[in-house]
Amino acid sequence: MSGNMNLTLKVWRQKNAADKGGFVTYKADDVSPDMSFLEMLDIVNERLVKKTEDPIHFDHDCREGICGACSLYINGRPHGPKQAITTCQLHMRSFSDGETITIEPWRAEAFPVIKDLAVDRTAFDRIQEAGGFISVNTGGVPDANEIPIPKVVADEAFNSATCIQCGACVAACKNASAALFVSAKISQLALLPQGQTERYRRVQAMVAQMDAEGFGSCTNTGACEVECPKGISLTNINRMRRDYFNAKFFKEEEIH
Amino acid sequence: MSSFTKAFSSTLGKKLIMSLTGLFLCLFLIVHLLGNLQLFKHDDGMAFNVYSHFMTHFPPIKIVSYLLYLSIVFHAVYALIITIRNSKARKVGYAVYKGSANSTWSSRNMGILGTILLIFIVVHMSNFWAEYHWGGLPFIKYETSLNNPEEVKVTKLPYNGNELVYSQYVDTQAGTEVVVAKDLNIIVMDLFKIWWYVVLYVIAMIAMGFHLYHGFQSGFQTLGFDHKKYKPVIDFLGLWVFSIIIPAVFAAMPLYVFFFK
Ligand code: HEM
Ligand code: FES
């Protein structure tokens with residue numbers, strides 16, 4: 001078809017976590033500008049399978065920008081050249097004919113490569129398990145709007161809750177810090193009345209787990225905020241710090 | 001581990017130390033700048049030498065100065081600790097990395113900028129601070145006429161073991177106010193006549209401007225400070241006061257001496 005593009009892909013291939021890995025160059029010819037980035041990879045993979053070569057492994061699930069499964073560090077940026085989108089929402093029209101595209105996995109010691117471009121992001125799950133929940137008793141369904149919550153606070157909490165755990169913040173950060181993810185997960189609960197009971201225990205437990213996973217230390221470069229597909233803001237990180245210092249320095253932890 | 005030890009060994013707590021020490025250094029810069037403005041006076045360094053004596057001998061200021069030395073040490077040591085941890089957090093780097101798409105140059109080069117500052121601080125302190133304390137500086141005597149403060153007699157007194165001490169008194173017979181002080185001013189003037197020394201100063205001040213362009217506002221964020229109304233004020237001060245005006249006025253001192261004195 002006219003208007004289709006011929007591209008060169010430099011793709012990170014790595015058999016498993018123990019393998020050293022390296023770049024392999026592929027031709028991606030006759031790519032429609034209307035394909036999503038993942039569809040383009042699907043085509044490349046089909047051609048590889050036809051040649052009985054091992055297809056390129058990459059994570060994906062919903063393909064509509066809501067699950068956070070897709071990753072890929074494309075031409076020096078997580079989720080490619082556009083802002084506020086995931087890789088599944090990135091279209092080939094964002095590239096130009098003849099371009100060389102370098103595709104790398106998220107790079108962080110806390111996100112070890114499973115195979116090729118797929119990385120293990122269970123570190124995020126362990127951080128969530130450490131405190132990213134509220135304890136509620138089962139029983140009768142409470143009335144809606146029983147607890148009044150100011151609109152700005154509710155909106156702020158919902159904004160924090162839009163985090164899809166994709167890990168682009170870690171990938172973008174020069175320090176491989178998970179501060180944006182962790183602080184969004186803390187904020188979505190800390191802002192609301194239901195999250196108060198465990199508020200100070202939660203922030204300490206989640207920060208401790210974040211550190212134990214080996215993520216770097218945030219130096220406020222702001223790269224995460226720019227690259228986040230959901231526009232989670234840096235305010236969350238500062239809120240996490242306030243709660244953390246408050247918990248460590250000013251809250252009583254024992255009865256006396 | 002106590003709650004405090006735990007807090008300060010976390011990634012957030014280590015940055016808290018960077019922030020507190022860094023912001024304290026920023027505060028010090030203002031005082032240091034205002035004091036050094038005396039160098040622009042045409043008084044053979046009298047005001048500057050009196051100020052130098054005051055800064056090294058007034059007890060409350062001495063206490064603050066020890067805090068300052070500690071801050072520099074802790075700031076640099078924690079910078080190193082944090083930088084090591086952060087490079088361990090990503091052992092395999094990216095082949096293509098477009099940092100400029102999502103962050104400022106300053107924020108990505110704090111370690112390099114800080115290292116330039118550290119080198120500068122060492123050179124600067126060994127030339128002035130160490131020299132002032134142990135260097136065997138010459139003294140200088142200013143006799144200002146009580147009737148006409150414009151009339152000042154200046155006598156240079158070469159270094160003479162520990163014979164000379166700082167003194168300030170009124171000589172009623174001669175009708176003069178006498179000041180005898182270590183002549184740090186002459187050391188400054190001599191060094192600021194060396195071209196490469198002036199270049200080093202200017203480079204260091206440019207580095208400081210960039211360091212503080214990110215550092216000043218970052219320090220507040222590290223403390224958890226963030227506010228829709230007041231954060232822009234911090235950003236404004238960080239840009240105009242700490243990364244432009246203060247470094248520019250500091251850099252103007254050696255340039256002024258080199259070209260005009
Ligand atoms: C004139 C002396 C200095 C001043 C006023 C200063 C100020 C600051 C401030 C305010 C911060 C922000 C702290 C934060 O984000 O929490 C900072 C961060 C930092 N400073 Fe300095 N600093 C100075 C010297 C140094 C030196 C000598 C070094 C290195 C040896 C250094 C290395 C760093 C590093 C690595 C950071 C953290 C990076 C970041 O936050 O992105 N600084 N500094
Ligand atoms: S595949 Fe679900 S967000 Fe991209």
Side-chain angles (χ1 to χ4, degrees), chain A residues 10 12 21 23 73-78 81 83 101-105 107-111 113 170-179 204 207-208 210-211 214-227 233-235 237-249 251 253, chain B residues 1-20 78-79 81-111 114 214-228 231:
Chain A
K10 272 183 71 187
W12 183 264
F23 284 102
Y73 199 83
I74 303 161
N75 281 350
R77 295 181 67 181
Q83 246 160 271
I101 305 173
T102 308
I103 313 172
E104 299 172 73
R107 294 288 189 198
E109 292 317 293
F111 287 166
V113 171
V170 175
C173 177
K174 79 172 183 53
N175 310 313
S177 164
Q204 297 180 69
V207 168
M210 165 178 89
D211 287 354
F215 291 104
S217 178
C218 169
T219 61
N220 306 314
T221 69
C224 52
E225 182 185 54
V226 174
E227 301 294 2
S233 85
L234 287 183
T235 308
I237 300 183
N238 295 324
R239 187 180 294 116
M240 165 176 76
R241 290 171 170 139
R242 287 199 295 279
D243 274 9
Y244 183 78
F245 296 140
N246 205 340
K248 288 288 186 202
F249 300 137
K251 295 285 168 206
E253 286 170 5
Chain B
M1 266 201 285
S2 83
S3 176
F4 280 97
T5 337
K6 255 192 225 155
F8 283 115
S9 53
S10 69
T11 48
L12 302 191
K14 284 183 191 139
K15 271 310 293 290
L16 182 61
I17 294 174
M18 290 291 306
S19 161
L20 293 173
Y78 273 84
I81 294 174
I82 290 170
T83 307
I84 290 173
R85 183 190 166 103
N86 288 351
S87 55
K88 274 194 193 143
R90 175 175 294 134
K91 288 192 193 125
V92 183
Y94 292 111
V96 181
Y97 170 66
K98 235 178 244 152
S100 59
N102 54 36
S103 51
T104 62
W105 183 86
S106 289
S107 74
R108 282 176 278 121
N109 292 282
M110 291 298 277
H214 175 70
F216 186 71
Q217 58 83 33
S218 168
F220 281 87
Q221 290 199 58
T222 301
L223 299 177
F225 181 84
D226 191 359
H227 194 283
K228 256 211 161 65
K231 179 71 182 7

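Below, each value reflects all heavy atoms present in this structure, side chains not excepted, and no hydrogens, waters or symmetry copies.
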Heavy-atom pairs under 4.5 Å with chain A - which of Ser103(B), Gly99(B), Ala95(B) has more of them than the others? Ala95(B)

Do Asn86(B) and Ser217(A) meet the criterion of a side-chain donor-acceptor pair at a distance under 3.5 Å? no

Do side-chain atoms of Lys15(B) reach the backbone of Cys218(A) as a donor and acceptor pair under 3.5 angstrom? yes

If you define the side chain from C-beta out and look only at heavy atoms, does anything of Glu104(A) sit under 4.5 Å from Val92(B)? no

For Leu12(B), is it the side chain, the backbone, both or neither that has a heavy atom under 4.5 Å from a heavy atom of chain A? both

So, the side chain of Arg239(A) versus the backbone of Asp226(B): is there a donor-acceptor pair under 3.5 Å, distance only? no

Considering only heavy atoms, which portion of Ala179(A) lies under 4.5 Å from any heavy atom of chain B: side chain, backbone, both, or neither? neither

Side chain, backbone, both or neither: which part of Phe215(A) has a heavy atom under 4.5 Å from chain B? backbone

Part of Pro105(A) lying under 4.5 Å from any heavy atom of chain B: backbone

Looking only at Lys98(B), Gln221(B), Arg85(B), most heavy-atom pairs under 4.5 Å shared with chain A are made by Gln221(B)

Most chain B-contacting option - heavy-atom pairs closer than 4.5 Å, from Gly214(A), Ala208(A), Ala110(A): Gly214(A)

Heavy-atom cut-off 4.5 Å, strictly under: side chain, backbone, both or neither for Thr235(A) against chain B? both

Looking at every non-hydrogen atom in both residues, tell me the closest pair between Ala89(B) and Ala176(A) and how far apart they are. O-CB, 3.6 Å

Pick one of side chain, backbone, both or neither for Phe111(A), based on which atoms fall under 4.5 Å of a heavy atom in chain B. neither

Given the options Cys224(A), Cys173(A), Pro81(A), Gly21(A), which has more heavy-atom pairs under 4.5 Å with chain B than any of the others? Cys173(A)

Is Ser3(B) reaching over with its side chain to a backbone N or O of Lys248(A), donor-acceptor style, under 3.5 angstrom? yes

Taking Arg90(B) for its side chain and Val170(A) for its backbone only, find out whether a donor-acceptor pair lies under 3.5 Å. yes

Nearest heavy atoms of Ala172(A) and Tyr97(B), plus distance in Å: O-CE1, 4.5 Å

Taking side chain as C-beta onward, heavy atoms only, is Thr11(B) less than 4.5 Å from Met210(A)? yes

Donor-acceptor contact present, side-chain Glu109(A) to main-chain Lys88(B), <3.5 Å: no

Going from OG1 on Thr221(A) to CG on Asn109(B), what distance comes out if it is rounded to the nearest 0.5 angstrom? 11.5 Å

At a 4.5 Å cut-off on heavy atoms, which part of Lys231(B) comes close to chain A: side chain, backbone, both, or neither? neither

Taking Tyr94(B) for the side chain and Arg107(A) for the main chain, is one N or O donor matched with an acceptor at less than 3.5 Å? yes

From the list Thr219(A), Asn238(A), Asn220(A), side-chain hydrogen bond (donor to acceptor under 3.5 Å, both in side chains) partner of Thr222(B) resolves to Asn220(A)

What one should report as the nearest heavy-atom pair of Leu16(B) and Phe249(A) is CD2-CE1, 3.6 Å

